Amino acid sequence: MNKEISISKKQKTILSLFTCLVFLALVYVGDMLTPPTSSWGMLFTVLEKGSIYALVAVSMNLLNGFTGLFSLGQAGFMLIGGYTYAIFSIPAASRDSVYQYFDGGLIKFSIPEIFSNALGGVLGELGYSLGEFIGMFVPMIMAGLITAGLAFLIGIPVLRLKSDYLAIATLGFAEILRAFFQWKALGPITNGSNILRSFSTYSSPLFPIIISGLCIGFIVLLINSSYGRAFKAIRDDEIAAEAMGVNLFKHKQWSFVISSFFAGIGGALLAMFSSSITTTPFTSNLTYEILLIVVIGGIGSVTGSILGSFLFVACSEWWLRGLDSGAFLGLSFGFMRPGFRKVVFAVVIMIIVLFYSKGIMGTREFSWEGFLTFLKNLPGRLINFFKAFPKRLADFFRTLPAKIAGLPARMKNSLKKLKTNTKHGKEAR
Amino acid sequence: MTKRNILRVSDVTMQFGGVVAVNNLNLEVNKGEIIGLIGPNGAGKTTAFNVITGVYAPTNGAVSIDGQVVIENYPQGKMKALYKGQNAGKYADRRVLTPDKITKMGVARTFQNIRLFKGMSVMENVLVAMHTNLEAGVFSAAFRRNRKEEEKMHDEAMQLLRMFDLEKNKDDMSTSLPYGKQRHLEIARALATKPKLLLLDEPAAGMNPQESDELMHLVAKIRDDFDLSVLMIEHHMQVVMGICERIYVLDYGALIAEGNPQEIQNNPRVIEAYLGVDE
């Protein structure tokens, strides 16, 4: 018996604000109370990295899930964002040691430092930290803008391509960017293939969570606006969208540029998270990780991308770590050695793709009504579940042989479904 | 009394490689008229629509909307040698607009095989078509600075849905609608772009006699309520003969007849094209 719950718009807003505040307060207090050596410290790492990945995944979903542009350039755009941020926020004093092979580099100032000096601060005083904090936003926004500008230029030729060709072109651009940033001639700016470090970073996990939250909020607003509807129309049927007066190129360009802007911000946050940056992590592997998150969460669901990011980061950084070190849920086997985590992870992903071929959320989004209804019906469902459990267990074992026999056919079907899903809305003119 | 000209297609030839799909087509639609475009399968009717709406650039000829030449082309490049049509030297200008620009100029269309936005609700389908006349930019739309405009769009969309008896389905997925209602939604969506000229590509396809009869009245009603002209491709002769003021007949890409329903019904060339002749 599913009972629907309905609540007013005002109540929803209050509920959302309240939940956000409680969550942020919990993170703040938790971070204060947790000693750095505690194993719960991992929780905060997951929250930080998860929120950064969530931002990038949502930005990729804006392209892939809402505009129907299969782009694989996300890692390249994150790279530009990360480097832009790092280059402009290394303190002048540290530049000599960071750019040791390039005579201290070409740029001799740091934007956060300019702000902290302007506020008259001496290192360690409130004015200094405040100035640095404010100053961090400038290179971060620059990171977004420069990435968006480059995306605009790349978009002019690339967005005329369709489906798979677009994916190949964007992937290629991302790889070119990575090689370009390692180029020795650019060393005075990018430090060649050497590491960039000691730039200003955040001190509380609240920072990436709040920034990502705000950015995702903007993307959600955009998706629900008239432009978002035009994006979805392009995804569903390009020819019909154009016939209804949607300028394909202009809208694709907007989607591409906005998505890249947030990928750039995400890259800057990732640079801060790891407090150093090289081109190494920004391979196509990173793009595939993000794509995986988008697919697992549900192509076309912002909620799904956010859930997917936290699940992905938690699994790969925390929950499945034990598989590598040889102790997982009290189990220990000889084959649990470094790398085994990835084997299990691959199996988990295959299971998700086979049984939830549209991802965890499909194209649905979080709503308070849905959530509260779910909670309200949960006890009843659980009771029913446990009541029926013995019978279902018996049934399961009874039908198991038949199921195993039917597995190849089922997998074939799932693959077929997946193929049609990815082709959906992209048929050639 | 001469009426204002809304659409004029002059000497349009559309040639794909060596195949002439539309051959020297001339037709015009005046304000307030309902015009039929008929012909056997493969006669080039939909190709003509695609030229008018900017999907294809014609090989030769011009299209003007509301007295203004918007599309013009002449055989050039490889086509110069291949061109099999007429009036090769008549046009010397190349002017091509994308479909969205044509739509913005006031020509809306429906599709032969229904092309609704599958992942969107009925309401959203109509709202998308209103996007073309949106004044707000990306950021003012995202930050809801255009709330009044958005509300107006919703009201107008509701009015359209009410007119097509779709208001109860407004939150349903467009693909979950029954076939007839999907056709209606396509027309509603086209009207949402605020057109001067509505192109209907087989609106009565797959409908039973009663449904197509209803459609006929609906098209006439739309013409009066929205003060527009209609050009329709249709195979149901009952519909075409019932509401069209003038009819153009295409066969093998070329115009073979033009006139009012009685003239067309008695035209020997039309009968020949549809039924063949006794040997």
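In what follows, chains are A, B, ... by sequence order, proteins preceding strands, each numbered from 1. This is a predicted model, so every value here is computed, not measured.
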Interface moiety of M130(B) toward chain A, non-hydrogen atoms closer than 4.5 Å
neither
Flag for S59(A)-Q74(A): side-chain donor and acceptor within less than 3.5 Å:
yes
Best-contacting candidate, A190(B), G137(B), A136(B), against chain A by heavy atom pairs under 4.5 angstrom:
G137(B)
Run V58(A) and I306(A) through side-chain contact (heavy atoms from CB on, under 4.5 Å) and show every step you take.
CA-CA 7 Å; V58(A) 171; I306(A) 298 170; 4.0 Å; yes
Find the one option among T132(B), V138(B), T103(B), T53(B) whose heavy-atom pairs under 4.5 Å with chain A are most numerous.
V138(B)
What do the steps show when you test R8(B) against E28(B) for salt bridge (Lys or Arg N to Asp or Glu O under 4.0 Å), and what is the final call?
CA-CA 4 Å; R8(B) 173 170 285 127; E28(B) 53 184 80; 3.5 Å; yes
Could you tell me which of K104(B), E150(B), R109(B) has the largest number of non-hydrogen atom pairs under 4.5 Å with chain A?
E150(B)
Highest number of heavy-atom pairs under 4.5 Å with chain A among T110(B), L127(B), V128(B) belongs to L127(B)
Measure distances from T363(A) to the heavy atoms of chain B and classify the residue's part below 4.5 Å as side chain, backbone, both or neither.
neither
Distance under 6.0 Å and angle within 45° of the ring axis: does R229(A) meet both against F117(B)?
no
Is I219(A) in contact with chain B via its backbone, its side chain, both, or neither, using a 4.5 Å heavy-atom distance?
neither
Partner chain B: residue of G300(A), A241(A), G228(A) with the largest heavy-atom pair count (under 4.5 Å):
A241(A)
The interface call for A141(B) against chain A, heavy-atom contacts under 4.5 Å, is both
So, D201(B) versus T46(B): side-chain donor-acceptor pair below 3.5 Å or not?
yes
Spatial distance of atom CG (L150(A)) from atom OG (S260(A)) [nearest 0.5 Å]:
8.5 Å
Only one of V302(A), L69(A), I223(A) clears side chain to side chain contact (heavy atoms under 4.5 Å, CB included) with L62(A); which?
I223(A)
So what's closer than 4.5 Å to chain A heavy atoms on T193(B): side chain, backbone, both or neither?
side chain
